[in-house]
Amino acid sequence: MVEPQADGTARTAVADSPAYDQAPVPVMHASDGVLIRVRTLLPEFTGALQRVAEQVLTDPAAASRATIVELAERSGTSPATVTRFCRAMGFDGYADLRLGIAAETGRARSAGWHIDIGREIQPSDPLERVLGQIMAADTRAMHDTASLLDLREVDRAAAAVATAQRVNIFGASGSALVGEEMQFSLHRIGVAAWAWTDVHNGLASAALSRQGDVALGISHSGETGETIELVAEASSRGATTIALTSFPQSPLAELADIVLLTATQATTFRPDALSARHPQLVVLDLLYVAVAQRTHERSHAAFQRTAQAVHGHKAAKDGAAPH
C-alpha cells in the first residue's frame, strides 16, 4: 500500500513486522463514519493492522458479513489483530465494527452510491459509466468531508481571517490551484489575501507576518515540505496558522493552530491527491462564506464596487456590438 506524499508523490508503507503491531494508534471518535475513519487512519496503521484496514476498504460489504476468523484469514492476520483493530477504531469489539460497516454500506445503497466506487475504470468503459463513477465518488467524498469537518474549527478560522490584516495562502501543485481560488474569493470581499506558489516569494511574505495575520497551508497529504516550511515561518512570526489536509496526524496538521479536514474517494486516473480538489474547494467555500457573514457590510460594499468596476467590460446586450 502506498500513500500520497507532497500532493502526488508516494511514500512506501512500513514493512510488516510483529514489532509494528505494538505501535500506538490514534483512536478516532465512534460518531465518525466507519469507512471514513479507516481511510483517515490508514497511514498510521502498519503491518498486520494495515492489512486488516485494507481488507475492510477493499470490500466493506463482505467485511460486514464476515466472522472475525474469516476477516482475519482474508487479511492474512489473526483474530487477535482484528480485535486490536476494532479497539483502534473506537469499538468495544468485532460485533460493533460489523454493525457499523453494515449500517454505512446500507446508507450508501439507499443514497445510490456504489460500494465499489474504487473499481477500475477500463479504457473501453462508456462515458456514461465513467460519469456515474466520478459523480458517485465525488458525492461520497463530499458527504465524508461533511462528517469529518469540525464546524467549530471552521468558525475559529473564519474569525481569524475576518480580522486579519494579511492572509497568506500556501500550496504546491494542485493545492496551489485551490489556494488561488480562495485568494480570488477573499479578494472580492475586501480581504487582503495572497496565494504563493514560489517558495522564495512565499518565505519573504511569511517572514513579514505578524500577530493577527493568517497563514493557510493546503496539502492533501500534509507532508509537502515547502508548504510546511512556509507555514512554520509564518507561525514563528506570530501568525495564526490553518491547515487544510486529509490527514489529522500529518506534520502540517500538527504544526497548525486550526485544522480543517477533508475526505477523498480516489478513482482511476484520479488518485487521492487529485480527487481531493473538490472536497478542498467545498471546505474553503464554507470558510469564505463564514468570513463574508462576519464582514457582511464590508463584503456587500466590496461586491458592489467590484461589480461596477467590471460592468463596462461585459458584452453588450440587445444586439449592440460589444465595446
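Heavy atoms only: backbone and side chains are in, while hydrogens, waters and symmetry mates are out. Numbers for residues simply follow the sequence, beginning at 1.
Connection of Val191 to Phe303 is established within a shared hydrophobic cluster, with ILVMFWY side chains joined at heavy-atom distances below 4.5 Å, either directly or through further cluster members. Each of Ile169 and Val199 belongs to its own hydrophobic cluster when Ile, Leu, Val, Met, Phe, Trp and Tyr are linked at side-chain heavy-atom distances under 4.5 angstrom. Cluster membership for Leu57 and Phe91, using ILVMFWY side-chain heavy atoms within less than 4.5 angstrom, is shared. Criterion: ILVMFWY side-chain heavy atoms under 4.5 Å apart, direct or through other members. Under it, Val282 and Ile258 are not part of a common hydrophobic cluster. Using a 4.5 Å cut-off between side-chain heavy atoms of Ile, Leu, Val, Met, Phe, Trp and Tyr, with links allowed through other members, Ile228 and Leu216 fall into different hydrophobic clusters.
With 3.5 Å as the limit, one finds a donor-acceptor pair spanning the side chains of Arg166 and Ser205.
Here the side chain of Ser235 pairs no donor or acceptor atom with the backbone of Val231 at under 3.5 angstrom. Remark: side-chain polar atoms of Thr240 are not paired, donor with acceptor, to backbone N or O of Val214 under 3.5 angstrom. Here the side chain of Glu153 pairs a donor or acceptor atom with the backbone of Val259 at under 3.5 angstrom. Distance alone, capped at 3.5 Å, places no donor-acceptor pair between the Thr81 side chain and the Leu49 backbone. The closest donor-acceptor contact from the side chain of Arg98 to the backbone of Ala66 lies under 3.5 Å. A donor-acceptor distance shorter than 3.5 angstrom exists from the side chain of Gln183 to the backbone of Ala193, with no hydrogens or angles considered. A distance-only check finds a donor-acceptor pair linking the side chain of Thr245 to the backbone of Ser219 [under 3.5 Å].
Salt bridge present: Asp155 and Arg294 bring a charged side-chain N and a carboxylate O closer than 4.0 Å.
Distance check: Thr197 OG1 to Phe170 CZ gives 11.0 Å after rounding to the nearest 0.5 Å. To the nearest 0.5 Å, atom OG1 of residue Thr241 and atom CG of residue Asp213 are 12.0 Å apart. In this structure, the separation between CG on Leu261 and CG on Leu149 is 7.5 Å, given to the nearest 0.5 Å. Atoms CG and CZ, from Leu252 and Phe247 in turn, are 12.0 Å apart once rounded to the nearest 0.5 Å. Atom CE in Met89 sits 13.5 Å away from atom CZ in Arg84 (nearest 0.5 Å). One distance of note links CG of Asp257 with CZ of Arg156; it measures 7.0 Å at 0.5 Å rounding.
Phe184 CZ: 12 or fewer foreign heavy atoms inside a 6.0 Å radius. Other residues, nucleotides and ligands contribute only 12 or fewer heavy atoms inside 6.0 Å of the CD atom of Gln308. More than 12 heavy atoms of other residues, nucleotides or ligands lie within 6.0 Å of CZ in Arg298, so this atom counts as buried by the packing criterion. Other residues, nucleotides and ligands place no more than 12 heavy atoms under 6.0 Å from the CD atom of Gln165.
Contact between Ile101 and Pro60 at its shortest, heavy atoms only, is CG2-O, 3.3 Å. Closest heavy-atom contact between Val161 and Val167: CG1-CG2, 4.1 Å. Residue Arg237 comes nearest to Ser209 through the heavy atom pair CB-O, 3.1 Å, listed as atom of the first residue, atom of the second, then distance. Contact detail for Ser299 and Ile189: the closest heavy-atom pair is OG-CB, 3.5 Å. Ala232 and Leu255 make their closest contact through N-CD2, 3.6 Å (heavy atoms, listed as atom of the first residue, atom of the second, distance). Here the closest heavy-atom approach between residue Ala195 and residue Gly179 is recorded as CB-O, 3.9 Å.
Only one option out of His278, Arg277, His143 pairs with Asp138 in a side chain to side chain donor-acceptor pair (under 3.5 Å); it is His278.
Between Leu148 and Thr262 there is no side-chain heavy-atom pair separated by less than 4.5 Å. The side-chain heavy atoms of Leu284 and Glu181, taken from C-beta on, include no pair separated by under 4.5 Å. Here the side chains of Leu244 and Met182 are not in contact, with every heavy-atom distance at 4.5 Å or above.
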* Please assess Leu97 against Phe85 for the test side-chain contact (heavy atoms from CB on, under 4.5 Å), listing each intermediate value before the final yes or no. => CA-CA 9 Å; Leu97 174 69; Phe85 172 79; 4.0 Å; yes
* Please lay out, stage by stage, how Val283 and Leu287 fare under the test side-chain contact (heavy atoms from CB on, under 4.5 Å). => CA-CA 6 Å; Val283 173; Leu287 175 57; 5.6 Å; no
* Begin with the C-alpha distance, continue with both residues' side-chain angles, and end with the deciding distance and a verdict on side-chain contact (heavy atoms from CB on, under 4.5 Å) for Gln249 and Glu254. => CA-CA 6 Å; Gln249 305 298 324; Glu254 293 176 353; 4.2 Å; yes
* Given the rule in the side-chain contact (heavy atoms from CB on, under 4.5 Å) test, do Leu260 and Val154 qualify, once you have shown the distances and angles that lead to the verdict? -> CA-CA 7 Å; Leu260 306 179; Val154 176; 3.9 Å; yes
